[in-house]
Amino acid sequence: MIDLRSDTVTRPTPGMRQAMADALVGDDVYEEDPTVNELEAYCARLTGKEAALFVTSGTQGNQVAVLTHMRQGEEIIMDDRAHVFLYEGGATAALAGVQSRTLPSEKGQIAIDDIAAAVRMSDVHFPDTGLIWLENTHNKSGGSVLSPDYMAKVADLAKEHQIPVHMDGARLFNASVAAGIPVSEITKHTTTVQFCLSKGLGAPVGSILAGDRAFIERARKWRKRLGGGLRQAGVLAAPALLALKNGFDFIETDHDHAKQLARTVSELDGFYIENTVETNMVLVNTKETGKTSEDWVAEMKRQGVLAVPYGPYTIRLTTHRDLDQTAIKDAISGITKARHKLKG
């Protein structure tokens, strides 16, 4: 079965499993786990921030960021298809008691003038704007990359109004590889950043939240309140360190595989590709076939390919480090067979 559902389905490599077995550990709640401490210090340097915090998931990292940055009753400016708005269970409202101000965007980029017009401060009738939210790569746009120029303009606007900027960088390394710039050149435009270790990097568990030292100290308490103190967490930090230190050449391969999938699938009758494939996601529109995404996902599964419905007539295919060229060819073969089965 070729699994194109997400880059979260990767399995630990033999080297990662060995690193887990050999990891030096301690009690991380006491900040005494040497492997976690090394991972956090490494990630702080990588992002150009003063400090970093290992958290259990991207959702936890995002919610800890909201809780640390904001006060109840404040408002976050974000795009209307942000992951934190669509896919995190309403946690910003449920946990932090804050409101989302959602604005339309193009590939995750809200017009700068629209952000400026949405800022609300010091009026008794309105919530104060407490945070501006960015997502890079942008999931719902099919893994699109925010341009550094755009992020710089958001940062300038935020600085003018003294509002922090948080970036959900779940697939930050995909953005870095696609843009051809270091991670720190992206994160320098944000106050804080969250990135996943268990997506493009292929580590089994966890995410990182990075920012200035005072922010991370406050965030550490929020992580504890949310049950995120993991004691001997070095066994989870070790494979992440291995992934980070071994380089990201495989991410460029993932992107090439996604483009290969897009080229081939677009040639099948009735399919077209909705997104410009910049990273590791392909959004396939099936409307002209007369079958829904659910129909296609079910038939593709019968042909040995797993995918996810991403809308009534949209399928998402996501490449990752566990898929080699043979797997991509097998996926193309399975999708082609599914097309023949459901044709007409």
Side-chain angles (χ1 to χ4, degrees), residues 1-9 78-88 102-111 135-147 168 170-171 174-175 178 199-200 251 253-320 323 325 327-344:
M1 191 70 73
I2 308 301
D3 199 338
L4 294 169
R5 290 175 298 173
S6 177
D7 46 11
T8 60
V9 302
M78 65 178 68
D79 84 90
D80 58 7
R81 299 197 299 164
H83 186 280
V84 71
F85 180 64
L86 295 178
Y87 296 121
E88 296 187 18
T102 60
L103 301 173
S105 71
E106 179 68 27
K107 296 183 178 180
Q109 298 187 175
I110 307 168
E135 184 179 322
N136 194 16
T137 64
H138 192 260
N139 189 336
K140 260 316 221 186
S141 298
S144 60
V145 179
L146 301 189
S147 76
D168 176 359
R171 294 178 174 87
N174 294 88
K199 291 189 171 73
I251 291 181
T253 300
D254 293 345
H255 296 176
D256 290 341
H257 284 163
K259 291 169 186 175
Q260 181 182 351
L261 277 172
R263 285 193 302 270
T264 306
V265 172
S266 68
E267 294 172 356
L268 297 177
D269 184 40
F271 287 158
Y272 75 86
I273 308 304
E274 293 182 359
N275 63 316
T276 300
V277 179
E278 299 178 61
T279 55
N280 66 325
M281 294 183 187
V282 182
L283 302 184
V284 183
N285 190 287
T286 69
K287 192 168 186 178
E288 290 183 9
T289 69
K291 304 291 184 180
T292 68
S293 57
E294 296 280 359
D295 296 330
W296 281 107
V297 166
E299 183 57 40
M300 287 167 61
K301 184 176 181 179
R302 286 189 284 269
Q303 301 302 326
V305 180
L306 297 178
V308 291
Y310 220 48
Y313 295 98
T314 303
I315 300 167
R316 190 185 77 176
L317 309 176
T318 305
T319 57
H320 51 79
L323 301 175
Q325 181 59 217
I328 296 301
K329 289 180 179 178
D330 288 345
I332 290 169
S333 175
I335 295 168
T336 303
K337 289 176 182 177
R339 181 69 194 99
H340 291 325
K341 285 283 186 179
L342 288 186
K343 190 173 183 180

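The residues of the chain are indexed from 1 along the displayed sequence.
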Can you tell me how far [atom2] of [Y] sits from [atom1] of [X], rounded to the nearest 0.5 angstrom?
{"X": "Q109", "Y": "E135", "atom1": "CD", "atom2": "CD", "result": "12.0 Å"}
{"X": "T264", "Y": "I335", "atom1": "OG1", "atom2": "CD1", "result": "9.0 Å"}
{"X": "K287", "Y": "E274", "atom1": "NZ", "atom2": "CD", "result": "10.5 Å"}
{"X": "N136", "Y": "S144", "atom1": "CG", "atom2": "OG", "result": "8.0 Å"}
{"X": "L268", "Y": "T289", "atom1": "CG", "atom2": "OG1", "result": "11.0 Å"}
{"X": "T279", "Y": "H138", "atom1": "OG1", "atom2": "NE2", "result": "12.0 Å"}

> Hey, mind stepping through T314 and N285 against side-chain contact (heavy atoms from CB on, under 4.5 Å) and telling me if it holds?
Replying inline: CA-CA 5 Å; T314 303; N285 190 287; 4.2 Å; yes
Minimum heavy-atom distance [X]-[Y], with the two atoms named:
{"X": "S141", "Y": "G108", "value": "OG-N, 3.8 Å"}
{"X": "K291", "Y": "T286", "value": "O-OG1, 2.9 Å"}
{"X": "A307", "Y": "M300", "value": "CB-CE, 3.7 Å"}
{"X": "S6", "Y": "T318", "value": "CA-CB, 3.8 Å"}
{"X": "H83", "Y": "D168", "value": "CB-OD2, 3.9 Å"}
{"X": "S266", "Y": "I273", "value": "CB-CG1, 3.8 Å"}

>> Less than 4.0 angstrom from a charged side-chain N to a carboxylate O is my criterion; do D7 and R171 meet it?
In response: yes
Please check: side-chain N/O of [X] versus main-chain N/O of [Y], any donor-acceptor pairing under 3.5 Å?
{"X": "T292", "Y": "D295", "result": "yes"}
{"X": "H320", "Y": "D3", "result": "yes"}
{"X": "T8", "Y": "K199", "result": "no"}
{"X": "T336", "Y": "I332", "result": "yes"}
{"X": "N280", "Y": "T319", "result": "yes"}
{"X": "D330", "Y": "I2", "result": "no"}

>> Run N139 and R316 through side-chain hydrogen bond (donor to acceptor under 3.5 Å, both in side chains) and show every step you take.
In response: CA-CA 10 Å; N139 189 336; R316 190 185 77 176; 3.1 Å; yes
> Is there a side-chain contact between L261 and L4, using heavy atoms and a 4.5 Å cut-off?
Replying inline: yes
> Run the side-chain contact (heavy atoms from CB on, under 4.5 Å) check on M281 and N174 step by step: do they pass?
Replying inline: CA-CA 10 Å; M281 294 183 187; N174 294 88; over 6 Å; no
>> Apply side-chain contact (heavy atoms from CB on, under 4.5 Å) to residues E278 and T137 and explain how you reach the verdict.
In response: CA-CA 9 Å; E278 299 178 61; T137 64; over 6 Å; no
> Would you say the side chains of S105 and R81 form a donor-acceptor pair under 3.5 Å?
Replying inline: no
>> Please check if the number of heavy atoms outside Q325 that lie under 6.0 Å from its CD is greater than 12.
In response: yes
>> Using a 6.0 Å distance limit plus a 45 degree cone around the ring axis, check whether K140 lies over the aromatic ring of Y310.
In response: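 That pair qualifies as a cation-pi contact.
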